[in-house]
Structures are given as C-alpha cells and as structure tokens.
2 protein chains.
Amino acid sequence: MSDLLERLRGRGWRLTAQRRVVAEVLDGDHVHYTADEVHAKAAHLLPEISRATVYNTLGELVSLGEVLEVSTDGRAKRYDPNAHHAHQHLVCSRCGTIRDVHPSGDLLAELPAEERFGFQVAAVEVTYRGICPNCAS
Amino acid sequence: MSDLLERLRGRGWRLTAQRRVVAEVLDGDHVHYTADEVHAKAAHLLPEISRATVYNTLGELVSLGEVLEVSTDGRAKRYDPNAHHAHQHLVCSRCGTIRDVHPSGDLLAELPAEERFGFQVAAVEVTYRGICPNCAS
DNA sequence: TCTTGACTTAGACAGAGTCCAATGTAGGAT
DNA sequence: ATCCTACATTGGACTCTGTCTAAGTCAAGA
C-alpha cells in the first residue's frame, strides 16, 4: 500500500493532501472500514476533509482496482485495501467482524456449464457466516 | 409456497389481507423482488397497503426462514422465496438479472480449519458474476 | 510565478429502510 | 352473533448511505 500513491500518480492522479490521507487510513491489509469510518479517521488527520471527497476518492480507488468494495450486510459498503491477493470473507453474524479467508478449491469451476444459463461467468464472491470466538463466549 | 399461509397461521400469525397479498406476490420460486417491487405488486391487488407493512411482513418472513434476503448489489435488498432448497446466485453485472444456481462440491467444507479463526461457521453465500446472454449480444 | 483544469467543499438531494402514535381488525371469549 | 383486546396497519417523519452541484481552491506543468 505504501507505494500506492506513486502508482496512482503514474496514472495521472493529482496528489492532494486529501487523497494522501484516505490512502493512509486504508493502509494495512486487513481493514474493512465503511466510508464513514474512513471519513472519521481521515478527519482525524486532516480535519477539514469532506465526506464527498472521501466518497470520491474511495470510488476512484475502487475503479482503479486498488481497493475492493465489500457489502456483507446490506448496510454500508466496506472498503478492503487487500485487492492484490484473491480472498473471500468470513463474517461474524453477531458483531459483524470480517476476516479475510482463503478457501481451497477452484470456486469458479464449481459452477457446472448447465448451471451457467449462457452467462459468461467472470468472478465469484463468497461470504462465510458464523459466530466469532469473542461473541461465542 | 401455497401452504405458506397455513404454516404461518400454525405459528400464531394473524392472517390479514395484507400478509396474504405479500405472500401471493412472492409466490413462484424464482423471483427476486426488491421491497419496493413487492409493494408495487401488492398495491395492485390491495391498493391501500402501506410500505411499512410490506417491510414488516418481509422482515417477519425472513426471520421465520420462509424467505431469504439477498443483497447482490449494495442497493436495495431482494427477497427470495426459494428458501427451502439450498442454492446460490448468478448475477448479470450489466443488467442485474439474478438466477438461482447449484454449484457442485461442499462449499462449506472448502474453508480449511486453519482459515476459520475459531469461528463456528454456519453458512456460506456465493455470488457468481458475469454477463448474461441478453447483455452479451 | 502563473495558469488552468482537476480537485475539494458544503449543503441540498435521493433512495432504502425504520420508527411511532393513532387507528383498525382477526379471531378467541362470551 | 357480538364484543374485546392484543396484534396489525397506516402515513408520515426520520435516519442512514450515498450522489450531485455550483462555487471556490490548488497541484503541477509551462
């Protein structure tokens, strides 16, 4: 994530304080913040940053493929900076905690041709649900 | 789905015109309507039905396990009456069409113990994404 | 250092869903 | 058959996420 800003500048991004701060908040591979959480944390570093900018920046990072959008609960989307390693999610049904996980097997291959209905299937997202150790006790 | 109302009455549900109509709209195993679509169709049968009642009724059907909540796009949730046959979803990335599909293999078993982080894993949801034949042409 | 087009801002707006107090009614009791 | 009352419905206000816009700001190339 540290060279993210360089990569983005190479793609014509203007390097503003706001974008720097959003990238900094998303640094660390295993966070799954909502846009509002990102905004709150960013505002801690740069108090005058606006909600709109956070949404804009997150949207750009997603279309550039640098961050993944995850919606596990039908409420706010979460942003996952771990975009360069394929992974799936394990979600606690009680507290909402999310962990990145790596199932075995070729998930895409498990959809038989006769179940594809002529679709060109390109991707698969898996969400495991359960109770985390914390909530279980 | 036809004996749904009987089953629910057995569980102490009051059988109102509104609930009957919502159940009727969801009849048919392969629909995936949003709450607003359900409301529109229900209002066609019972014009004075309110949005709040549709939301209430859908929520009750979900907690009773008679209907599944599906959120494939981060926008409105969709309601899937095909709750008694395990299945997954195949979604067109362009038009949003949803099909019920049945992958081979035991999806739950594919999350190795060392990837469970102590969770009691109970369920798995899979969304395949691709382009439907209609949009591809 | 100047210039300019890209970026940011605040706040209005929109879509999806929830909540609440007032009103209505299903279905058991009489 | 009618009455009662706890449960259901209503509409409108409200919340939460997210988008849009017009005006102001600024990064970075000339």
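Each chain gets a letter, A, B and so on, in the order the sequences are listed, and its residues count up from 1. Note that this is a predicted model, so its numbers are computed, not measured.
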Any side-chain donor paired with an acceptor under 3.5 Å for [X] and [Y]?
| X | Y | answer |
| --- | --- | --- |
| His84(A) | Glu66(A) | yes |
| Asp80(B) | His87(B) | yes |
| His85(A) | Asp100(A) | no |
| Asn82(A) | His32(A) | no |

DNA chain D: 5'-proximal contact among Gly74(B) and Ser50(B) (nearest heavy atom):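 Of the two residues, Ser50(B) wins.
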
Residue mapping more 5' on DNA chain D - nearest nucleotide basis, Leu15(A) or Val54(B): Val54(B)

Integer-rounded Å distance: [N] [atom2] and [X] [atom1]:
| X | N | atom1 | atom2 | result |
| --- | --- | --- | --- | --- |
| Arg9(A) | dC7(C) | CZ | P | 14 Å |
| Arg75(B) | dG17(C) | CZ | C1' | 13 Å |
| Trp13(B) | dA26(C) | CH2 | C1' | 14 Å |
| Ile49(B) | dT23(C) | CD1 | P | 21 Å |
| Leu5(A) | dC7(C) | CG | C1' | 15 Å |
| Asn56(B) | dG17(C) | CG | C1' | 11 Å |
| Leu58(B) | dG17(C) | CG | C1' | 12 Å |

Distance test, side-chain N/O of Thr53(A) to OP1/OP2 of dT9(C), below 4.0 Å: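 Answer yes for this pair, as a side-chain N or O of Thr53(A) is under 4.0 Å from OP1 or OP2.
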
Touch class at under 4.0 angstrom, heavy-atom based, for Ala52(A) against every strand present: base

Touch class at under 4.0 angstrom, heavy-atom based, for Arg51(B) against every strand present: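 Counting heavy atoms under 4.0 Å across all strands, the contact made by Arg51(B) includes a base.
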
Contact boundaries on DNA chain D for chain A, cut-off under 4.0 Å to non-hydrogen atoms: dT17(D) to dA28(D)

Close approaches to DNA chain C from residues 35-48 of chain A, in residue order (heavy atom, under 4.0 Å): Glu48(A)

Glu37(A)/Arg78(A) salt bridge by N-O under 4.0 Å criterion: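 So Arg78(A) pairs with Glu37(A) through a salt bridge.
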
Test salt bridge (charged side-chain N to carboxylate O under 4.0 Å, His left out) applied to Arg99(A) - qualifying residues, sequence neighbours left out: none

Donor/acceptor link under 3.5 angstrom from Arg14(B) side chain onto base of dG27(C): no

More than 12 heavy atoms of other groups within 6.0 Å of Asp73(A) CG: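 Atom CG in Asp73(A) is packed in, count exceeds 12.
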
His102(B) backbone acceptor or donor facing Glu115(A) side chain under 3.5 Å: yes

Rounded distance [0.5 Å steps], CG in Asn134(A) versus CZ in Phe119(B): 9.0 Å

Toward the 5' end of DNA chain C, by each residue's nearest nucleotide, Arg78(B) or Arg20(B): Arg78(B)

